[in-house]
Amino acid sequence: MTDRYAVIGNPIAQSKSPFIHTMFARACGQDLVYDKLECPLDGFSAAVEDFRAAGGRGLNVTAPFKLQALAIATRAQDAARQAGAANTLRFVDDGIEAENFDGLALVRDLVHNHACPIAGKRVLLLGAGGAVRGALRPMLAEGPARLVVVNRTIDKARAVVGELGHEPRAAWCGYAELGDERFDLVVDGTSASLHGELPPLGASAFAPGALAYEMVYGKGLTPFLALARRAGVVRLADGVGMLVEQAAEAFNWWRGVRPRTQPVIEALTVPLD
Ligand code: ATR
């Protein structure tokens, strides 16, 4: 029987995951089908069980179910536990395993696809929701000189940095407290651009030669990227590479084969302006 996989979320119509995994399967000669599952907001665990009973082998999980995905797992890998959320599930004989590849994918995209090593850099992460929570430890593992989490609600920034324990390189603050500090890498991990909004970031946050990275994918020149451009930043990127890299990690986890990501990134890239 052909193995079944899917992405589950609500809404899900916009998801590129079926396209990505179908391209991966074709390139790697893997026999699988990959669907979209729109799940009722109160029906996540039943939908997962139904999918499994119908021959499903694994799921990608997107908003708003990443926390529930971790909660229903019988075993969670470190990255999922530390992020407090899972973006990939794998069905095994004795249960459900949970992983979170989002942070690793961000690092891979920055370091390999954008040739932007994090080691020694001053990094600013905007936001303190699930996206930033998942990115923190993989970013720190790369050895930045300093990593600041800035958030509109300061208590949330304090909490996510506090979860790291003793970490002298990491700090948190509100936007007004950023002062004149400049950063080599500024990553927008907020949901502001999904609503066409701009986080209250000053243009002085970008150091000369900085890379401005928008985790959201496919929205063109978002208010954050437009701010960076006005500030003179020439290296701008959105999250298309992160999206494809997390899919490649999931594919590898399920199938034991890591597909090439570059052709799929090229196929999905939307111009930034
Ligand atoms: P996700 O899991 O995708 O990160 P989330 O947990 O809802 O989503 O977090 C969204 C993040 O975007 C939060 O940090 C939020 O700031 P608050 O904690 O202050 O709510 C941030 N965010 C959303 N809209 C924003 C805006 N217009 N300006 C600044 N930050 C914004």
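We count ligands from 1, going down the list as the structure has it; atoms in each ligand are counted the same way.
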Option among Val123, Val187, Leu185 that satisfies the side chain to side chain contact (heavy atoms under 4.5 Å, CB included) test with Leu211
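It is Leu185; the other options fail the test.
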
Given side chains that start at C-beta, do those of Lys219 and Leu194 come closer than 4.5 Å, heavy atoms only?
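With C-beta onward as the side chain, the pair touches.
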
Does the side chain of Val7 come within less than 4.5 Å of Ile12's, by heavy atoms?
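Yes; the side chains approach each other to less than 4.5 Å.
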
Mind jotting down which protein residues get a heavy-atom contact under 4.0 Å with ligand 1? Chain and number order, please.
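Within the 4.0 Å shell of ligand 1, which is judged on heavy atoms, sit Gly127, Ala128, Gly129, Gly130, Ala131, Asn151, Arg152, Thr153, Lys156, Thr190, Ser191, Ala192, Glu197, Pro199, Pro200.
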
Report the residues that fulfil side chain to side chain donor-acceptor pair (under 3.5 Å) with Asp273, sequence neighbours left out, ordered by chain and then residue number.
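Applying side chain to side chain donor-acceptor pair (under 3.5 Å) to Asp273 gives Arg229.
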
Hey, do the aromatic rings of Tyr34 and Tyr5 have their centres closer than 6.0 Å?
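No, they do not, as the ring centres are separated by 6.0 Å or more.
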
For Gly218, is there any backbone N or O sitting under 3.5 Å from a side-chain donor or acceptor partner on Asp238?
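The answer is yes, because a donor-acceptor pair under 3.5 Å joins these two groups.
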
